[in-house]
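Below: the structure, in structure tokens.
What you see is a predicted model; the values in this text were computed from it and never measured. Just so it is clear: chains get the letters A, B, ... in the order the sequence lines come, proteins before strands, and each one is counted from 1.
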Protein chains: 2
Amino acid sequence: MPNTVHIRTPKRVQTVVGTLIPVTANPDAPVSETRSDKKERTRRAILDAALRLTEDTGLAALSLRQVAKEVGIVPTAFYRHFDSIDQLGLALVEESFVSLRAMIRDVRQGTPTLGQIVDRSVDVLAVHVREDRPHFGFIAREKSGGSAVVRVAVRREFGFFERELATDLARLPMDHWSSDDLQILSNLIVSAMITTSEEILRAEPRELPDIRHRARTQLLMVIVGALNWKSTPSG
Amino acid sequence: MPNTVHIRTPKRVQTVVGTLIPVTANPDAPVSETRSDKKERTRRAILDAALRLTEDTGLAALSLRQVAKEVGIVPTAFYRHFDSIDQLGLALVEESFVSLRAMIRDVRQGTPTLGQIVDRSVDVLAVHVREDRPHFGFIAREKSGGSAVVRVAVRREFGFFERELATDLARLPMDHWSSDDLQILSNLIVSAMITTSEEILRAEPRELPDIRHRARTQLLMVIVGALNWKSTPSG
DNA sequence: AGTTTCAGTGTACGCACGTTCACTGAAAGG
DNA sequence: CCTTTCAGTGAACGTGCGTACACTGAAACT
């Protein structure tokens, strides 16, 4: 029977359950909230669920249905908040980099000597990474992750971040440097920072002092190298 | 009818197709080869297919059925070669790092001055990454990829690689260094190398000179910094 | 020549997926 | 008070997945 035609028979009478218990994954008492408050809360729950569920496997292995189940909504309700998993991913990229920028702002709090800048930078990095683990983990994973649009977004943001750092570096006593060279230095520092973050993320607490020592040493090497660089033409 | 029992009815008579045309994804004429030769060729085809199919999405999004289709075998035949996609991934990690070690061996070909070491290292890296794109791309992706066992394997190998590099560095005129410090330096250099590789991988040919210039500069900064480091205590 | 091995076949299964659709009911708004 | 809006519902669909199983036929071995 090749010509089997399926006719959708929409049931007119439905079970009487409806939206009795909104299980939107929040233990707080939803005493009284506006409609958009509640929507925002569900959206937040979706973002958090996504961060949790991608922790082991990455965004590529995340399904809309998993997210819905975790949040406590029906799969189709997901579409009220995001068009696709990719769009959800972009939202996560955005808020992750907000967290990262907050960090760099933290470092800028008037630190006079080079040694202090280095120490403070590493300390701030360590604290932020531990405190906002989910977002830092997300960025680290999706930098080379499975979704093309998300990957591109992450790299774009890292590009911005790198340029911001370069302008910060320009304020150090290396005025004679070209902006190209500052960019190169910034790129190197960001590389080391990413590696350090990844190490912090998967380290046990007792390993942290070693990692911080290493990060400090590396940052110092790089800065000393940069300062002495022009004057020591190769070997 | 809840108790529906499905009884497997294995057909005794089967269509007469069998292994008439072994489409094992190889254009060469398979004039005459032993059984294990052929198996090896199929295995190779599976590995290549996996490298091709994961290029955009990573191993996490790779299905056994996709691989089988690409290779030209039936899904179940996959099991003759690998227990799971994860095992296939481990095989790819292994052969990828063979390629990486070949690279470091290439650098070691007697290069006297520091400047030459730097130039040669960057050149060799650029050439190898372009020539063995699939493997370098695979490592870069799966370093933070979706499969736990593969991720761990990649990081393990990077650990070895880093230690190898540290012993190489010990041969440079920095004998007074502790092995801990050499390890730290090595870690920093590998970080920069990974970033550079990723940039080379996604760069267009016309961007390569810039990337190489940057890599050279960074490597030089790091080495100069390392050499001058102890004598310039913070600042 | 007769037997064993084994890479590859084809069918069938149960399950999770993204997406469609018509529907509900409380909040928002006139 | 009556109407509109809209976050969330639940059933249904087609598809692709991993894995099971019994099977085949040529190569390898005795």
Measure [atom1]/[X] against [atom2]/[N] and give the value in whole Å, please.
{"X": "A:Lys38", "N": "D:dG8", "atom1": "NZ", "atom2": "C1'", "value": "8 Å"}
{"X": "B:Arg65", "N": "D:dT19", "atom1": "CZ", "atom2": "P", "value": "11 Å"}
{"X": "A:Arg41", "N": "C:dA27", "atom1": "CZ", "atom2": "P", "value": "13 Å"}
{"X": "A:Leu53", "N": "C:dC17", "atom1": "CG", "atom2": "C1'", "value": "15 Å"}
{"X": "B:Arg43", "N": "C:dA7", "atom1": "CZ", "atom2": "C1'", "value": "15 Å"}
{"X": "A:Lys39", "N": "C:dA28", "atom1": "NZ", "atom2": "C1'", "value": "14 Å"}
{"X": "A:Asp37", "N": "C:dA28", "atom1": "CG", "atom2": "C1'", "value": "13 Å"}
{"X": "A:Lys69", "N": "C:dA16", "atom1": "NZ", "atom2": "P", "value": "7 Å"}

B:Arg156, CZ atom: more than 12 neighbouring heavy atoms under 6.0 Å =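 No.
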Answer yes or no: is there an ion pair linking [X] with [Y], defined by an N-O contact shorter than 4.0 Å?
{"X": "A:Arg155", "Y": "A:Glu142", "answer": "no"}
{"X": "B:Glu33", "Y": "B:Lys39", "answer": "no"}
{"X": "A:Arg216", "Y": "A:Asp123", "answer": "yes"}

Residue whose nearest DNA chain D nucleotide is more 5′ - B:Leu64 or B:Ser36 |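 Nearer the 5' end of the strand: B:Leu64.
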Considering only C:dA28, D:dG8, C:dT19, which nucleotide approaches the side chain of A:Arg35 most closely?
->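 Per side-chain heavy atoms of A:Arg35, the pick is C:dA28.
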Of the listed nucleotides D:dT9, C:dG8, C:dA28, the one nearest the side chain of B:Thr42 =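 Of the candidates, C:dG8 comes closest.
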B:Arg212 side-chain N/O to B:Glu207 backbone N/O, donor-acceptor pair under 3.5 Å =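 Side chain of B:Arg212 to backbone of B:Glu207: no pair is present.
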Are the side chain of A:Arg130 and the backbone N or O of A:Ile200 linked by a donor-acceptor pair below 3.5 Å?
->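 At least one qualifying donor-acceptor pair exists.
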Sorted by number, the residues of residues 74-82 of chain A with heavy-atom contact under 4.0 Å to DNA chain C =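 Here the set is A:Thr76, A:Tyr79.
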Output yes when at least one side-chain N/O atom of A:Ser63 is less than 4.0 Å from OP1 or OP2 of C:dC17, else no.
->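 Checking A:Ser63 against C:dC17: at least one side-chain N or O falls below 4.0 Å of OP1 or OP2.
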For this output row, return yes or no: ring centroids of B:Phe158 and B:Phe97 closer than 6.0 angstrom.
->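 Judged by ring-centre distance (under 6.0 Å), B:Phe158 and B:Phe97 do meet the cut-off.
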